[in-house]
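So the structure is just underneath, and the comments pick up after that.
Any value given below was found using the heavy atoms of this structure, including those in side chains, with hydrogens, waters and symmetry copies removed. Protein chains get the first letters and strands the later ones, always in sequence-line order, with residue 1 at the start of each.
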2 protein chains.
Amino acid sequence: MRKVSESTVKRLSRYYRVLRLLEKEGYVTVSSKELAKIEKLTPAQVRKDLSLFGSFGTRGLGYKVLELKEKIASILGLDKTWKVALIGVGNVGSALVSYKEFAKQGFLIKLLFDNDQRKIGKNHKGIIIKDVKDLVKELKESKIEMVIIAVPADQAQKVVDQVVKAGIRTILNFAPANIKVPDQVFLRTVNMAMELEHLSFALINQI
Amino acid sequence: MRKVSESTVKRLSRYYRVLRLLEKEGYVTVSSKELAKIEKLTPAQVRKDLSLFGSFGTRGLGYKVLELKEKIASILGLDKTWKVALIGVGNVGSALVSYKEFAKQGFLIKLLFDNDQRKIGKNHKGIIIKDVKDLVKELKESKIEMVIIAVPADQAQKVVDQVVKAGIRTILNFAPANIKVPDQVFLRTVNMAMELEHLSFALINQI
DNA sequence: AATTGTGAAATTGTTCACAGCA
DNA sequence: TGCTGTGAACAATTTCACAATT
């Protein structure tokens with residue numbers, strides 16, 4: 001496969017959402033022009049992105065909504081389910097457990113961990129919270145493929161180190177911390193404060 | 001000011017975090033080389049980013065940690081406080097109210113709204129939850145500068161329309177929905193499912 | 001006639017390399 | 001000497017423009 005940029009992957013996610021919507025509204029075909037309009041992009045951008053993975057359209061006609069949706073799902077790995085463990089059942093962690101969008105896209109939270117004795121052993125939305133002490137052992141025994149980190153910032157690196165030790169290669173981090181992982185591990189960090197900083201920058205600089 | 005790219009703003013946020021840390025650890029100066037090493041960038045990148053806003057360093061010496069931190073804070077608008085309203089006190093909304101990092105950076109959540117009669121009038125972490133029906137009126141009366149949307153996806157557009165109507169120009173959206181706003185309004189959407197999609201793409205394609 | 005897929009051109013973003021300064 | 005600030009070179013990404021196809 002040719003080089004796929006970070007931004008292309010993001011746009012694929014966006015196309016996927018639009019296609020789900022269009023499908024629900026009964027659209028059968030869609031052109032790059034229409035997709036571009038909805039996402040505020042150029043038609044050429046849409047076609048370039050898609051052409052990186054194959055020729056999904058029909059000249060003169062456009063793309064079949066259902067077919068393109070499924071192609072993108074397969075590219076993004078949304079045509080299978082992923083087993084996810086979540087570490088840190090605090091405010092953010094609890095919100096994520098209840099976040100419907102994850103399950104809808106095949107990300108199933110199967111294990112919960114915390115270090116709070118009052119939480120360990122309790123049933124949270126149908127899952128027994130385990131002790132983070134047993135993290136490595138439990139992750140190794142399970143078939144978990146992804147881990148979500150929702151622990152306080154000062155504990156995040158330590159927890160991530162253990163997750164990596166357990167052989168997990170994909171981590172989504174919500175702790176506002178500068179986490180280091182080996183090269184072969186994919187780590188993405190969502191920092192909500194940074195998003196607000198972006199807005200305050202925009203507001204100040206009156207873009 | 002010259003054109004400041006999206007990625008430059010993101011990197012400024014990252015530098016800011018590093019500088020806070022370095023300051024706490026007692027560092028007085030830092031070079032572009034050191035900053036670059038920590039953030040896995042090139043020294044030239046760091047210097048280019050900073051030079052967009054002025055000459056903050058000293059040749060032969062580097063940057064003064066405290067001074068650079070304050071310069072970046074001022075660029076990002078973190079040297080003042082912002083009054084924020086949060087709409088939707090569900091799982092995600094509650095987590096955001098408790099998110100310490102916001103207050104630390106001067107983003108103060110001053111108003112809460114919900115449409116659930118059982119929540120309206122209740123005190124949540126020191127703030128009385130108001131009826132979303134009064135959104136426009138309340139926002140106009142208040143000195144709110146930013147709004148965070150944490151309502152279900154199917155209500156998000158309607159709520160955003162009202163927020164815009166109330167004259168708010170910066171919105172951070174956590175609803176997994178394709179929101180449209182007029183050109184002069186800054187909207188950022190955090191879609192947590194998209195982040196996982198990025199990871200599953202990476203895992204499938206064994207980058 | 002409409003729209004894709006794609007090389008080529010234009011634009012944007014990053015790195016190099018070095019003059020200039022502490 | 002060491003490190004910044006920056007124009008020039010390079011690389012990546014986006015847009016253009018058009019042949020190919022239905």
Margin query: Whole angstroms only, please: what is the CZ-P distance between A:R11 and D:dT15?
Written below: 8 Å

Check: Knowing that exactly one of A:I129, A:D131, A:V151 qualifies, which makes a side chain to side chain contact (heavy atoms under 4.5 Å, CB included) with A:D114?
Finding: A:I129

Check: For the pair made of CD in A:E39 and P in D:dT14, what is the distance, rounded to whole Å?
Finding: 14 Å

Checklist line | Gap separating the CZ atom of B:R11 from the OG atom of B:S5, nearest 0.5 angstrom | finding: 6.0 Å

Note to self: What is the separation between atom CZ on B:F56 and atom P on D:dG5, rounded to the nearest whole Å?
What the structure shows: 9 Å

Item checked: Atom-pair distance (NZ on A:K40; C1' on D:dT14), nearest Å -> 18 Å

Notebook entry, point to check: Quick one: the side chain of B:R59 and the base of D:dT4, do they pair up donor-acceptor inside 3.5 Å?
Noted result: yes

Next item on the list: Taking all non-hydrogen atoms of both residues into account, name the closest pair between B:A153 and B:A177 and its distance.
Entry: O-CB, 3.7 Å

Checklist line | Nucleotide C:dT3, atom C1' - distance to CZ of A:R47 in whole Å | finding: 7 Å

Check: Counting only heavy atoms not in B:Y99, do more than 12 sit closer than 6.0 Å to its OH atom?
Finding: yes

Notebook entry, point to check: What nucleic acid atoms does A:T8 come within less than 4.0 Å of, heavy atoms only: base, sugar-phosphate, or nothing?
Noted result: nothing

Notebook entry, point to check: Within the pair A:Y63 and C:dG5, is there a side-chain N or O less than 4.0 Å away from OP1 or OP2?
Noted result: yes

Check: Separation of A:L52 atom CG from C:dT6 atom P, in whole Å?
Finding: 10 Å

Next item on the list: Taking only the side-chain heavy atoms of B:K48 (C-beta and beyond), determine which of C:dT6, C:dT15, C:dT14 contains the nearest atom.
Entry: C:dT15

Next item on the list: Take the protein atom NZ of A:K33 and the nucleotide atom C1' of D:dC16, then report the distance between them rounded to whole Å.
Entry: 16 Å

Notebook entry, point to check: Quick one: on DNA chain D, does A:L61 or B:S31 contact a more 5' nucleotide (nearest heavy atom)?
Noted result: B:S31

Checklist line | Spacing between B:D49 atom CG and C:dG13 atom C1', to the nearest angstrom | finding: 10 Å

Next item on the list: For the residue pair A:F107 and A:W82, categorise the inter-ring angle as parallel (less than 30°), tilted (30 to 60°) or perpendicular (more than 60°).
Entry: parallel

Check: Between D:dT14, D:dT6, C:dT15, which nucleotide has the shortest distance from any of its atoms to the side chain of A:Q45?
Finding: D:dT14

Notebook entry, point to check: From the list C:dT6, C:dT4, D:dT4, which nucleotide is the closest neighbour of the side chain of A:S51?
Noted result: C:dT6

Next item on the list: Using a cut-off of strictly less than 4.0 Å, decide whether A:T58 has a side-chain nitrogen or oxygen near OP1 or OP2 of C:dT4.
Entry: no

